[in-house]
2 protein chains.
Amino acid sequence: MKLSTRSKYGLRALLDMAAHVDDGAVTLKELAKRNNIPVKFLEQIFLALRNAGVVRSRVGAQGGYHLARLPKEITLGEVIRVLDGTIAPVGCVSQIAYEPCTCPDMETCALRAAMNRVRDAIVGVVDTMSLADALAQTKTRTRRNGRSD
Amino acid sequence: MKLSTRSKYGLRALLDMAAHVDDGAVTLKELAKRNNIPVKFLEQIFLALRNAGVVRSRVGAQGGYHLARLPKEITLGEVIRVLDGTIAPVGCVSQIAYEPCTCPDMETCALRAAMNRVRDAIVGVVDTMSLADALAQTKTRTRRNGRSD
DNA sequence: AGGAATCCCTACTAATTCCGTGGGAATTGT
DNA sequence: ACAATTCCCACGGAATTAGTAGGGATTCCT
């Protein structure tokens, strides 16, 4: 159930941008340095984010990136979908990246039904949590809730 | 956020066993055939499940596997942990397979806080859903609920 | 105008993870 | 004895993903 490094980096950088949203545009170089991310890899990631309309860019000297919308209008789910292509734990429950599985009978597949619920649980979090929400939560002290793993 | 094929196969096979729990022991060969899984791969998977106390085995002719507990006493979460080692979407929020991430400051990492909630959401489903629950849900007609991806 | 900074794009390599296979030993029922 | 089966570990290869290389286009500054 791992999140790709690609999405991890992308989210980390975007959260940083959201935190410094008042400072105007920021360069990849700066973003990469601040967040411990290889510049060239981040470049690739931001290309995708730009094409998806999550960030906007300005080329040339004094150029850089800025968020295309307010932090509260960008959800984690949107970003993950852009960077990973899907969120669903198995292909057979994904709408945007559906792929049939090899189970003998998909209609009565108990695993599929269960994974549907898992997907809903994940989506329920990431699609309702914006960059702003994520930042706010951290500021008010991360309270752990005990569930293991 | 993908579930490994390993866990997928393991769960599929266990659900099958749970559905036929009254038939006594079943061989890997049979399980593999019924569920479209490569025998040798399934063998590996069941070795792990056996060591973890999820199934019990009997060697020799007329041997086979059977569940170590009732279907309602085996959760999906337990199985996934055995087969994948962890459930958490990122290493830095896993208790049983913790791994520090490369973010500049872990204490104030907004992504970590967010992923904590995702993990809780996933765990909330898989740790409360037993093999029996998963089967029951399918029998009562899988009702889709619309969330996309 | 020239140079420096920066994004844009594609292709490639490297690393890792994961799926699946092989072969043989031990055990048990017929 | 023989056949069926679990047990065990190691290995090969495929696929995915992380990260790199390099050059082009655009804009700003002096």
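So you know, we letter chains A, B, ... as the sequences are listed, proteins then strands, and number each from 1.
One atom, CD of B:Glu30, and another, P of D:dA4, lie 14 Å apart when rounded to the nearest Å. Atom OH of A:Tyr65 is separated from atom P of C:dA5 by 18 Å (rounded to the nearest Å). Following rounding to the nearest Å, A:Arg6 (CZ) and C:dT16 (C1') show an atom-to-atom distance of 17 Å. For the pair A:Lys29 NZ and C:dA5 C1', the interatomic distance rounds to 8 Å; values are reported in whole Å. Rounded to an integer number of Å, the gap from NZ of A:Lys2 to P of C:dT16 is 12 Å. Rounded to an integer number of Å, the gap from A:His66 NE2 to C:dT6 C1' is 14 Å. As a whole-Å value, the separation of A:Lys8 NZ from D:dA18 P is 9 Å.
B:Arg112 has no carboxylate O lying under 4.0 Å from a charged side-chain N of B:Asp105, or vice versa, which leaves the two without a salt bridge. Using a cut-off of 4.0 Å between Lys/Arg side-chain N and Asp/Glu carboxylate O, A:Lys40 and A:Glu43 are scored as salt-bridged.
Near-neighbour residues of DNA chain D inside residues 14-28 of chain A, defined by a heavy atom below 4.0 Å, are absent. Residues of residues 38-57 of chain A that place a heavy atom closer than 4.0 Å to DNA chain C, in numerical order, are A:Lys40, A:Glu43, A:Gln44, A:Leu47, A:Arg50, A:Ser57.
Sorted by first and then second residue, the pairs that involve residues 50-62 of chain B and meet side-chain hydrogen bond (donor to acceptor under 3.5 Å, both in side chains), not counting sequence neighbours, are B:Arg50-B:Ser57.
A donor-acceptor contact under 3.5 angstrom links the side chains of A:Arg12 and B:Thr102, judged on distance only. Side-chain contact of B:Ser7 with B:Asp84: a donor-acceptor pair under 3.5 Å is present, judged by distance alone.
Remark: side-chain polar atoms of A:Arg119 are not paired, donor with acceptor, to backbone N or O of A:Ile87 under 3.5 angstrom. Side-chain atoms of B:Asn35 come within 3.5 Å of backbone atoms of B:Leu31 as a donor-acceptor pair (strictly under, hydrogens ignored). Panel note: side chain B:Arg69, backbone B:Gly53; a donor-acceptor pair is recorded below 3.5 Å. A distance-only check finds a donor-acceptor pair linking the side chain of A:Asp133 to the backbone of A:Ser130 [under 3.5 Å].
Closest to the B:Tyr9 side chain, of the nucleotides D:dC7, C:dG20, C:dC7, is C:dG20.
Ranked by how close their nearest DNA chain D nucleotide is to the 5' end, A:Ala61 and A:Leu3 are led by A:Leu3. Of the two residues contacting DNA chain D, namely A:Val59 and A:Ser4, the nearest-nucleotide position lying further toward the 5' end is that of A:Ser4.
Atom name P, nucleotides C:dC19 and D:dA18: the rounded distance is 16 Å, in whole Å. Rounded to whole Å, the C1' atom of C:dA25 lies 22 Å from the corresponding atom of D:dG12.
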